[in-house]
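Following: one structure in structure tokens, then a few remarks.
Below, chains carry the letters A, B, ... as their sequence lines are ordered, and counting in each starts from 1. All figures in this text were calculated on a predicted structure; none of them were measured in a lab.
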Number of protein chains: 4
Amino acid sequence: MHVQRVKRLPREVRERQILDAAVQVFSRHGYHNASMDEVSEVAGVSKPMIYAYLGSKEDLFGACIRREATRLLEAVTGGIRVELAPDMQLWHGLGAFFRFVGEHRESWQVLHRQAISQGGPFSDEVLAMRGRAIALVDALLVRTATKRGLDEQATRATEALAAALVGSAESLADWWLDHPDITGRTLASWLMNLVWMGFGDLVEGSVWTPTND
Amino acid sequence: MHVQRVKRLPREVRERQILDAAVQVFSRHGYHNASMDEVSEVAGVSKPMIYAYLGSKEDLFGACIRREATRLLEAVTGGIRVELAPDMQLWHGLGAFFRFVGEHRESWQVLHRQAISQGGPFSDEVLAMRGRAIALVDALLVRTATKRGLDEQATRATEALAAALVGSAESLADWWLDHPDITGRTLASWLMNLVWMGFGDLVEGSVWTPTND
Amino acid sequence: MHVQRVKRLPREVRERQILDAAVQVFSRHGYHNASMDEVSEVAGVSKPMIYAYLGSKEDLFGACIRREATRLLEAVTGGIRVELAPDMQLWHGLGAFFRFVGEHRESWQVLHRQAISQGGPFSDEVLAMRGRAIALVDALLVRTATKRGLDEQATRATEALAAALVGSAESLADWWLDHPDITGRTLASWLMNLVWMGFGDLVEGSVWTPTND
Amino acid sequence: MHVQRVKRLPREVRERQILDAAVQVFSRHGYHNASMDEVSEVAGVSKPMIYAYLGSKEDLFGACIRREATRLLEAVTGGIRVELAPDMQLWHGLGAFFRFVGEHRESWQVLHRQAISQGGPFSDEVLAMRGRAIALVDALLVRTATKRGLDEQATRATEALAAALVGSAESLADWWLDHPDITGRTLASWLMNLVWMGFGDLVEGSVWTPTND
DNA sequence: TATGAATGAGCATTCATTCAT
DNA sequence: TATGAATGAATGCTCATTCAT
């Protein structure tokens with residue numbers, strides 16, 4: 001008789017609708033302030049469907065995180081050419097990272113802010129992803145360092161440096177939200193100069209030490 | 001007959017007790033999962049006292065953030081000797097920062113994770129504090145750079161670099177939580193090497209550029 | 001297997017159940033001492049339904065007032081035949097009023113006692129209704145008076161007299177609660193005699209004045 | 001050393017302070033919305049003193065009602081000259097009543113609205129007072145009626161008429177709050193005309209009856 | 001598949017009331 | 001006498017979650 005508001009859609013499509021809505025809502029209000037009601041409203045899907053397809057709120061949030069984390073990792077690794085030199089790999093990776101963040105602010109918010117601030121499995125998951133990123137960077141550093149010869153102190157420091165680099169990138173991505181006139185490419189370039197050259201000095205034995213302490 | 005748990009204490013003391021408990025509870029469970037009941041239990045104070053002295057849950061959280069932010073800033077600025085050279089100032093600042101984080105993990109959790117992940121006034125407040133930190137570092141960079149002569153690109157980049165440095169420090173502080181065998185002093189030293197030397201190169205015109213892109 | 005207490009009912013029905021229960025509870029305990037828990041219990045409906053359908057406690061009370069006020073007004077105006085003489089209209093109106101109060105004591109309690117004693121919008125609403133009643137009566141008085149000719153003093157007094165009549169009726173309704181052996185018809189008859197004849201005298205210029213004062 | 005805010009005052013004075021404050025606060029916010037904190041603040045007396053002198057909130061409210069009711073009754077009976085004719089007694093009584101209400105709006109609010117709307121002992125007390133007033137009026141009516149000769153119907157009606165008169169007066173007092181340009185004397189005069197003359201007709205056998213019903 | 005109807009359980013907040021001083 | 005400090009107990013309200021259709 002009357003038009004049905006939404007047609008019967010295949011499960012796959014419904015799930016995507018729901019996840020899109022959830023990412024949007026979670027990024028806007030944070031995990032706890034987000035209500036399943038709003039998600040269902042934004043998704044145009046009734047709540048029971050959400051539970052049927054994606055489980056509890058926690059499950060839903062987890063699904064969001066996994067999807068966005070995967071997207072981010074794919075974007076970054078997809079931007080890297082393994083046949084290039086380490087510095088160029090890093091360069092492309094950073095470029096891909098900033099490009100992704102620029103184009104998917106909501107995804108980034110969910111990953112960087114919401115997920116980490118929740119204790120337990122969520123932050124674990126994101127921190128694991130960050131760990132993979134750090135390991136990736138560390139591998140590049142080690143590869144370079146080993147080529148040139150790596151002294152004791154530098155060896156032990158590479159992982160920390162990788163962590164610092166990843167942290168820098170994350171922090172710059174945040175900072176970027178308030179300075180949108182800069183291009184992502186510029187950000188990547190700054191970061192390369194800062195980190196790579198400092199790292200190079202380190203490897204070459206040029207070390208900063210406190211004058212007296 | 002039996003010992004009374006706590007006697008009538010002056011308001012000031014109670015407020016400190018409550019804030020201590022609140023920081024603990026907020027850092028453990030996050031803002032939303034923290035319950036006023038638990039705060040009151042941990043503080044050894046009934047809920048009405050909390051409301052009488054510190055106001056609503058939101059107010060209480062705000063008070064925590066302000067107190068911890070102030071403590072952190074005081075710790076960092078108190079660690080700096082303004083008569084020293086910029087690099088030494090940075091060195092001491094980083095040292096003080098890592099020392100504070102090492103000694104007040106809960107404070108750091110509340111500030112870095114919980115506060116930022118809540119939208120609105122809380123994250124604003126913390127982000128403002130981070131902004132002050134970035135400005136501080138930026139001033140040091142600019143001072144150094146100007147002495148040596150600063151080319152165009154480097155000038156525009158100092159603020160971003162400062163943001164990156166602050167981000168690195170934050171990220172390292174997080175990383176540290178999972179690698180507690182490292183000393184804060186070592187962390188600071190790595191960071192100095194990474195950042196300061198890279199910055200030095202930058203200032204001296206030694207620039208990294210992509211080979212082809 | 002066993003009988004289910006209530007099945008899924010359409011919203012409309014539930015709302016009526018809830019309002020019925022609320023009027024009952026509010027009339028028994030007054031606005032403040034009434035608890036939403038009791039309302040939900042009496043209605044046989046869980047609290048979230050109440051909030052979903054009728055809003056906050058304040059909203060719920062307002063809805064009760066509006067419904068009962070409407071019912072009362074409908075009962076009274078429905079009892080009036082506009083084609084009759086003013087005195088007969090008043091007579092029928094009073095009759096309908098007392099009939100309603102006799103049959104809906106709880107409604108009357110809520111309207112007359114609870115609503116008025118709450119400051120703000122509630123009493124405003126009820127006082128507005130009383131105002132309409134007074135205006136109604138006033139119109140009747142004026143109509144009669146004008147026919148017969150109305151001296152200055154009487155003119156200015158009609159509104160006050162109407163207020164007095166309405167007040168009398170309300171007061172008698174209260175008094176009735178403690179003297180239930182009287183019929184509402186008798187009450188109406190007494191009131192007609194008291195008021196209408198006094199009014200008639202007034203209109204005809206037969207005035208009571210203090211002998212010396 | 002420093003000035004004490006309030007001196008040690010005799011119990012009597014303190015009690016008056018507290019009652020004055022309580023009447024004010026109760027009339028402003030109603031029984032339930034009034035907080036003991038506000039009473040203590042307005043009275044300039046700490047809460048424990050209130051409890052020591054006047055007992056619980058309920059007790060305090062009861063004390064207010066009793067004091068104000070007594071005042072009102074005293075004002076009214078004090079205004080009456082028993083040696084005068086019944087109509088003049090009523091006239092003076094009404095005058096005293098309106099004078100009191102005009103000069104003590106808060107007292108009247110507490111008595112008329114707050115007290116009655118609370119179930120139980122409070123409204124009982126006030127209703128008892130109203131009962132005394134009704135009885136007083138009734139006695140006047142009966143005295144008059146008996147003198148002139150009183151038919152059956154009228155006899156049974158006098159109490160109801162007295163109730164109606166008292167109700168009119170109360171209602172007019174309320175109405176007055178919104179029409180403060182009228183003098184209390186005028187109100188009393190209107191009421192006398194309305195009621196006394198209608199009553200006179202009644203007594204004289206001039207009865208209003210519905211034409212057909 | 002899809003949803004309106006329904007709820008258990010929890011949480012922030014308030015207030016009358018009372019100690020300890 | 002007088003009070004700042006302290007609390008037990010209650011209540012409004014919300015939200016994730018699940019039936020019955």
Side-chain angles (χ1 to χ4, degrees), chain A residues 4-11 14 32-40 44-53 55-60, chain B residues 4-11 13-14 32-40 44-53 55-60, chain C residues 4-15 32-40 44-53 55-60, chain D residues 4-11 14 32-40 44-53 55-60:
Chain A
Q4 285 174 289
R5 291 201 319 188
V6 278
K7 299 191 250 164
R8 306 283 168 119
L9 295 177
R11 174 168 188 140
R14 282 285 192 228
H32 272 97
N33 285 316
S35 82
M36 295 299 270
D37 273 296
E38 189 175 353
V39 173
S40 95
V45 167
S46 73
K47 275 193 293 179
M49 294 298 334
I50 300 181
Y51 282 88
Y53 283 161
S56 72
K57 186 183 187 183
E58 207 167 321
D59 295 338
L60 177 60
Chain B
Q4 286 165 296
R5 286 209 323 189
V6 276
K7 313 222 296 193
R8 303 284 163 127
L9 296 177
R11 175 174 184 139
V13 178
R14 284 287 190 224
H32 272 96
N33 286 315
S35 83
M36 295 300 268
D37 273 295
E38 188 175 353
V39 173
S40 94
V45 165
S46 72
K47 275 191 293 178
M49 293 302 317
I50 300 180
Y51 283 89
Y53 286 163
S56 72
K57 186 182 185 182
E58 206 168 322
D59 294 337
L60 178 60
Chain C
Q4 285 166 296
R5 287 206 325 186
V6 276
K7 313 222 294 190
R8 304 285 162 125
L9 296 176
R11 175 174 185 140
E12 208 182 351
V13 178
R14 284 289 191 222
E15 284 192 350
H32 272 97
N33 285 317
S35 81
M36 296 301 269
D37 273 297
E38 188 176 351
V39 173
S40 94
V45 165
S46 72
K47 273 192 294 178
M49 293 302 316
I50 301 180
Y51 283 88
Y53 286 165
S56 73
K57 186 182 185 183
E58 206 168 321
D59 294 338
L60 178 60
Chain D
Q4 286 174 287
R5 290 203 319 189
V6 278
K7 300 192 251 167
R8 305 282 169 123
L9 295 176
R11 173 169 187 137
R14 284 283 193 227
H32 272 98
N33 286 315
S35 81
M36 296 300 270
D37 273 296
E38 187 175 353
V39 173
S40 96
V45 167
S46 73
K47 275 191 294 179
M49 296 294 337
I50 299 180
Y51 282 87
Y53 283 162
S56 72
K57 185 184 186 183
E58 208 168 319
D59 295 337
L60 176 60

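Applying the salt bridge (charged side-chain N to carboxylate O under 4.0 Å, His left out) criterion to Asp37(D), with sequence neighbours excluded, gives Lys47(D).
Rounding to whole angstrom units, CG of residue Asp59(C) and C1' of dC13(F) are separated by 12 Å. Put simply, NE2 on His32(D) is 17 Å from P on dT14(E), counting in whole angstrom units. dC11(E) atom C1' lies 10 Å from atom CE of Met36(B), rounded to whole Å. Between the CG atom of Asn33(C) and the P atom of dC15(E) there is a distance of 14 Å, given to the nearest Å. Residue Leu9(C) contributes atom CG, which lies 14 Å from atom C1' of dC19(F) at whole-angstrom precision. In this structure, CZ of Arg8(C) is placed 5 Å from C1' of dA5(E), rounded to the nearest angstrom. Counting to the nearest Å, the P atom of dT14(F) and the CD1 atom of Ile50(C) are 13 Å from each other. One atom, CD of Glu38(D), and another, P of dC15(E), lie 11 Å apart when rounded to the nearest Å.
Nearer the 5' end of DNA chain F, as judged by each residue's closest nucleotide, is the contact made by Tyr53(B), out of Tyr53(B) and Pro48(C). With DNA chain E read from its 5' end, the first of the two nearest nucleotides for Glu58(B) and Met49(C) is the one closest to Met49(C).
Nucleotide dA20(F) forms a Watson-Crick or G-U wobble pair with dT3(E), both donor-acceptor distances falling under 3.5 Å.
Residues Asn33(A) and His32(B) have side chains in contact (heavy-atom distance under 4.5 Å, counting atoms from C-beta outward).
With distances taken from any side-chain atom of Arg11(B) to the nucleotides dA5(F), dA16(E), dA2(E), the minimum falls on dA5(F). Taking the side chain of Tyr51(D) as heavy atoms from C-beta on, and the options dT17(E), dA2(E), dG12(F), the nearest nucleotide is dT17(E). The listed nucleotides are dG12(F), dA16(F), dT7(E); the one nearest the side chain of Lys47(A) is dA16(F). Of all nucleotides listed (dC11(E), dA5(F), dT17(F)), dT17(F) comes nearest to the side chain of Lys57(A).
Between the CD atom of Glu15(C) and the CE atom of Met49(C) there is a distance of 9.0 Å, given to the nearest 0.5 Å.
The minimum heavy-atom distance linking Ser46(D) with Ser40(D) is given by the pair C-CB, 4.2 Å. Across every non-hydrogen atom of Tyr51(B) and Lys57(B), the tightest pair is CE2-N, 4.5 Å.
At least one side-chain nitrogen or oxygen of Arg14(D) sits closer than 4.0 Å to the OP1 or OP2 atom of dA2(F).
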